[in-house]
Structures are given as C-alpha cells and as structure tokens.
There are 2 protein chains.
Amino acid sequence: MTRDLTIGRVAEAVGCKVQTVRYYEQIGLIPAPPRSGGNQRLYDESAIHRLTFIRHARELGFPLQAIRDLISLSDDPNQPCDAVDEIAKTQLIEVNRRIERLQALRHELKRMIHQCKGGSIADCHVLEVLSDHNLCEAEDHQAPKKMT
Amino acid sequence: MTRDLTIGRVAEAVGCKVQTVRYYEQIGLIPAPPRSGGNQRLYDESAIHRLTFIRHARELGFPLQAIRDLISLSDDPNQPCDAVDEIAKTQLIEVNRRIERLQALRHELKRMIHQCKGGSIADCHVLEVLSDHNLCEAEDHQAPKKMT
DNA sequence: TCTTGAACCTATAGTTACTGTAGACATTAC
DNA sequence: GTAATGTCTACAGTAACTATAGGTTCAAGA
C-alpha cells in the first residue's frame, strides 16, 4: 500500500483543488492523514477512494450533508439499504425538477436570441422579454402578482 | 402614479423577500427610493417594473453581474443590440451544459435506485456506484486519474 | 552542496446571492 | 390605547468552496 501521496497528487488524482481536500478534512468529511517530518500530509490510496466517492457524489449534485450521511451509513454496513435509497430518491426528484426548469429556460433563451436581429437596444426583444412576463412562454416560474 | 408602496408590498408583488429588495438596493441594482416621515421606503410602480426584470432574469439563471450589465445597457438605448444578445447567448450555452449534466445524472440515479432493492448496506449499489467510477454510465464528468 | 523554484503549511478573507437575527421604531386595526 | 404587524439598521450565517499572504519544505539541476 503506497503511503507517499502528497496532497497535490491526491488532488490531481481526484480532480479537485488542493484547498478543497484540506477543506474536506477541516469539516470532517475525510480523516486527518499522518504527516511527514516536515509536517506535510501523507495520504495512501484509501484517501483517494474516499475522495473519489465524495467528488463523484458532488458531481451528481448531492449536497455535502447528504454525502456525510452516506458516509456514516456506509461505516455501519449492517443497516438496511432503505436510508441510502431514500437519499437517492430525494435527489432524483430534485434533479427532475431542475431539468424541467432548465428546459423551459432554454426554450425562452432561444426565442429571445432568435428575435434579436441586430437592431438597437430600444427594440431589443431580450430586454423586453425580461421586463414583461406576458411575453414569457415559460410556465415554471411565477408571474409577479398584479397590483390592485 | 401610485407612490405608496411599502417594501413588503413590493416584495410580495414581485415574489421575493423583503431582505432581497434591500439587498438589491444595497448593491446598487435598484435605486434608493424616497422615505416616509417615519423613514420607511416608499416605492412606485417603476420599482416593481425593475424588480420584475431582475427577478425574471434571475429565474432564467442570469447572474447578478449579467443583470447589472443588461440594466446599464438598457439605460443607454441607442447602442446596437449585440451586447445584450451576447449575454443571452453565453447564458444559453451555460444552460445547455447544465441540462446535459443533469440528464446523465438522472440516468445514473435511476439506475442506482433500480438496483437497490432492500438489501443491507453492505451490498447497496448506490454506494458502490458512488465509490467506483467504472460503474458509472455518465460521461460528462471526469473519472479520477489512475495512479501509476 | 548549494540554490532555486515548485509545492506545501496555516490562517484568514472573499465569493455569490441571498437569508436570518436582534433590538428598536412605525403603522395599522380593533 | 394598545396589540400586532411591519419596517428600520447592522451584522452574522449559509454552501461549498476559492484566493491570498507570509512562511516552510522538498526535489532537481549547476
């Protein structure tokens, strides 16, 4: 088992910044590794394994708190799988919601750009659409309430 | 022109929090309105108009800096529309990127949930997928670099 | 062996876009 | 008149990092 990985190598291996690794240690997401004579952190592959788990989960959109939960669950492997499953399901609902919002948004942006054909700002459709909700085809966000 | 809108009414009208309106004033995104005898902010409809613009743009994913740019552009309406168009296009690219990532992500979450059928955590596929990039079908995020 | 430059250390502040809190004053409804 | 609600300022907190300053350590070339 290699025990000679500096923080820079580890960060490069998992594809994040050195500061991020130190940050994860600071908030207790990874254990503090042993140090060299010169006080530098020395990691082995288990650190890369855990960091890969964390970064992967982050890229999948899990908040750090959910990752923390997952780690503590996996440290105690005799529990039923339901809790983990629950976290993934919650996450899926959230992801679906975000996709829908973004698609509506893309539609509107395309329309805005399409209608902006090199005129002057005075008749720029982008600004118009942004100012006037009635010109907006997206349905996933609220129109401001009309004053009475 | 009504000139008797308190900050609470304005916030409600545009669908944001009172603090958010004050925050926008603080960072110079909206002008400071006149005050009542008792030092309370009094808005008219032009404030609602501008705030609607801002909130709408925020919901479309524009960062505040882009909105700031759009506002300063629209204050000077004799320029060509290109700059505005450019901001929208940049935004569109970003939105496309986010949609793709989220779709890959959704795919993986579904697969994870599908394979987690009430076993114990020891053989929970969710944790496995998160730990091991090889089990991951998503292609939009980087596998960690293999150590040599 | 010396030196130089990159990588590392701690500690702290900054980022984005808000949100929440405390303690005081204003306004409105009954 | 009083109670409830709304508003005021100022400041702290949030997530998840990122950047900076000022110093130490390490690896490689002359």
If I take atom CG in residue B:Asn39 and atom P in nucleotide C:dT27, what distance separates them, rounded to the nearest angstrom? 9 Å
Rounded to whole Å, the CD-C1' distance (A:Glu25 to C:dC8) equals 13 Å
Heavy-atom closest pair (B:Thr20 atom, B:Cys16 atom, distance to 0.1 Å) is CB-SG, 4.1 Å
Which listed nucleotide (D:dC17, D:dT18, D:dT7) is nearest to the side chain of A:Arg58? D:dC17
From the set C:dA17, D:dC17, C:dC9, return the single nucleotide nearest to any side-chain atom of A:Gln40. C:dC9
Would you say D:dA19 has OP1 or OP2 under 4.0 Å from some side-chain N or O of A:Lys17? yes
Consider the side chain of A:Thr6, meaning its heavy atoms from C-beta on, and name the nucleotide among D:dA16, C:dC8, D:dC26 that approaches it most closely. C:dC8
From CA spacing to verdict: side chain to side chain contact (heavy atoms under 4.5 Å, CB included), B:Ile93, B:Lys89: CA-CA 6 Å; B:Ile93 290 168; B:Lys89 274 182 180 152; 5.5 Å; no
Does D:dT25 have its OP1 or OP2 closer than 4.0 Å to a side-chain nitrogen or oxygen of A:Ser36? no
Rounded interatomic separation in angstrom, taking CD from A:Gln19 and P from D:dT20: 10 Å
Interatomic distance where CG belongs to B:Leu42 and C1' belongs to C:dA26 [whole Å]: 12 Å
Please evaluate residues A:Arg50 and A:Ile71 with respect to the criterion side chain to side chain contact (heavy atoms under 4.5 Å, CB included), reporting the C-alpha separation (whole Å), side-chain torsions for both, the decisive distance (0.1 Å), and the verdict. CA-CA 9 Å; A:Arg50 173 160 286 196; A:Ile71 287 174; 3.4 Å; yes
Rounded to whole Å, OH of A:Tyr43 lies from P of C:dA7 at a distance of 16 Å
Sorted by position of nearest nucleotide on DNA chain D, 5' first, the leading residue of B:Gly8 and B:Gln26 is B:Gly8
Does a side-chain N or O from B:Thr20 land closer than 4.0 Å to OP1 or OP2 of C:dA17, or not? no
Kindly point out which of C:dA17, C:dC18, D:dT7 is positioned nearest to the side chain of B:Arg55? C:dC18
Examine D:dT9: is either OP1 or OP2 under 4.0 Å from a nitrogen or oxygen in the side chain of B:Arg41? Give yes or no. yes
Please give me the minimum heavy-atom distance between A:Leu92 and B:Lys110, naming the atom from each residue. CD2-CG, 4.0 Å
Any donor-acceptor N or O pair under 3.5 Å, side chains A:Glu100, A:Asn96: no
Test A:Thr52 against A:His49 for side chain to side chain contact (heavy atoms under 4.5 Å, CB included), laying out the working first. CA-CA 5 Å; A:Thr52 300; A:His49 190 248; 5.8 Å; no
First encountered from the 5' end of DNA chain C, between B:Pro63 and B:Gly37: B:Pro63
Taking the minimum atom-to-atom distance to the side chain of A:Arg35, which one of C:dC9, C:dA17, D:dT9 wins? C:dC9
What is the separation between atom OH on B:Tyr23 and atom C1' on C:dG20, rounded to the nearest whole Å? 15 Å
Nearest-Å distance for atom pair CG/P, residues B:Leu29 and C:dT16: 13 Å
When you measure from the side-chain N and O atoms of B:Tyr24 to the phosphate of C:dC18, is any distance below 4.0 Å, counting only OP1 and OP2? yes
Closest to the A:Arg22 side chain, choosing from C:dC9, D:dC17, C:dG20: C:dC9
Testing D:dC8, C:dT19, D:dT18 for proximity to the side chain of B:Ile7, the answer is D:dC8
Starting at atom CD of B:Glu12, determine the distance to atom C1' of D:dT7, rounded to an integer number of angstrom. 15 Å
